[in-house]
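Contents: one structure, followed by commentary.
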Amino acid sequence: MDRYCVFGNPIAHSKSPDIHAAFAAQTGQQLVYDKRLAPVDGFADAVRAFIAEGGKGANVTVPFKLEAHKLAGALTIRAQAAGAVNTLLFDEHGITGDNTDGAGLVADITHNAGVAITGKRVLLLGAGGAARGAVLPLLEHRPQALHIANRTVATAEALVQQFAALGGADVLSAGGFADIAGDFDIVINATSASLQAALPPFPPSVFHPGTLALDMMYGKEPTVFLRFAEAEGAVPRDGLGMLVEQAAEAFLGWRGVRPDTAAVLQSMRQKL
Ligand code: ATR
């Protein structure tokens, strides 16, 4: 059977094996997918060992996404733009790196939440790795505006510079949290503030009734960002759909088949 895995450190709580097992069962694909704890200083060796054992592909999670980007001999355009890799493909061409996180985010917004991005005003909070991976897939849907706000303003401005050359010149803008002007149809929290139960200090006026407020984090309880957004009249959505959709996009790249995510998302939700 073809073998896949997810590398991370820590990795015990990864949901990827459950998600990919469900995709394989649903599509009749013969594969095994497990999780592997790679030593913090031993990611490349762990990948090579897996390839030697016959591994066909892997997902990569914290803290190895930048190292995976360096290790790959070839990169997809979206992995180049993201500057990080969450999906590896091993074949006769060597190691190819892809990034399916942004595509997963966009699929969750457009398909699962049923909210079009085209022509909308989108606010991206954060300018780290997670935000960077989201920019190109968002731009591909031609929003009216994509404003990137970050605690460190220079990092947001650098992202705008990078993506201005990739079709975002008329759409992109950057700033700090306090000076965000106007309201938005979609607000995405790509900061890691939710991990510390913190709320980035943006004004509540970014929301209008019905704004889609999406936090890339997920958990049993809504994050502080989602609670705040809902109190301001926004529609809250956590990152579980994005997780399932990025996995579906990786599965498609490896197996050539797109799984149906709705049932898998529902069952992952029940298991939270
Ligand atoms: P990730 O891969 O999760 O994006 P990262 O690259 O370290 O992680 O980026 C973390 C992001 O969350 C950054 O935008 C960071 O802001 P800075 O660029 O100013 O560091 C943001 N962030 C982290 N903690 C935050 C907090 N408590 N409030 C607001 N923003 C925060």
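Counting starts at 1 for both ligands and their atoms, in listed order. Keep in mind the model is a prediction, meaning the values are calculated, not measured. Residues: numbered from 1 along the sequence shown.
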Can you sort out the partners of I51 under side-chain contact (heavy atoms from CB on, under 4.5 Å), two or more places apart, ordered by chain and number? V47, F90, I95
Could you note down all residue pairs passing side chain to side chain donor-acceptor pair (under 3.5 Å) where residues 258-272 supplies at least one of them, sequence neighbours left out? D238-R269, E245-T261, E249-R258
Enumerate donor-acceptor pairs with a distance under 3.5 Å from any side-chain N or O in residues 128-138 to protein atoms, sequence neighbours excluded.
| unit_1 | atom_1 | unit_2 | atom_2 | d |
| --- | --- | --- | --- | --- |
| R132 | NE | A81 | O | 3.3 |
| R132 | NE | A82 | O | 3.3 |
| R132 | NE | Q162 | OE1 | 3.4 |

Under a 3.5 Å cutoff, is there a donor and acceptor pairing between the side chains of S16 and N59? no
For W254 and H20, take the angle between the two ring planes, folded into 0 to 90°, and tell me which bin it lands in: parallel under 30, tilted 30 to 60, perpendicular over 60. tilted
Do H147 and S173 have a side chain donor and acceptor closer than 3.5 Å? yes
Kindly print each ligand 1 N/O atom paired with any protein N/O atom under 3.5 angstrom away, one pair per line, or none if nothing qualifies.
| unit_1 | atom_1 | unit_2 | atom_2 | d |
| --- | --- | --- | --- | --- |
| ligand 1 | 4 (O) | G129 | N | 3.1 |
| ligand 1 | 4 (O) | A130 | N | 2.8 |
| ligand 1 | 6 (O) | G129 | N | 2.9 |
| ligand 1 | 12 (O) | S192 | N | 3.0 |
| ligand 1 | 12 (O) | S192 | OG | 3.4 |
| ligand 1 | 14 (O) | A127 | N | 3.0 |
| ligand 1 | 14 (O) | G128 | N | 3.4 |
| ligand 1 | 14 (O) | N150 | OD1 | 2.7 |
| ligand 1 | 16 (O) | N150 | OD1 | 3.3 |
| ligand 1 | 18 (O) | N150 | ND2 | 2.8 |
| ligand 1 | 19 (O) | R151 | NE | 3.1 |
| ligand 1 | 19 (O) | T152 | N | 3.0 |
| ligand 1 | 19 (O) | T152 | OG1 | 2.5 |
| ligand 1 | 20 (O) | R151 | NH2 | 2.9 |
| ligand 1 | 27 (N) | Q196 | OE1 | 3.1 |

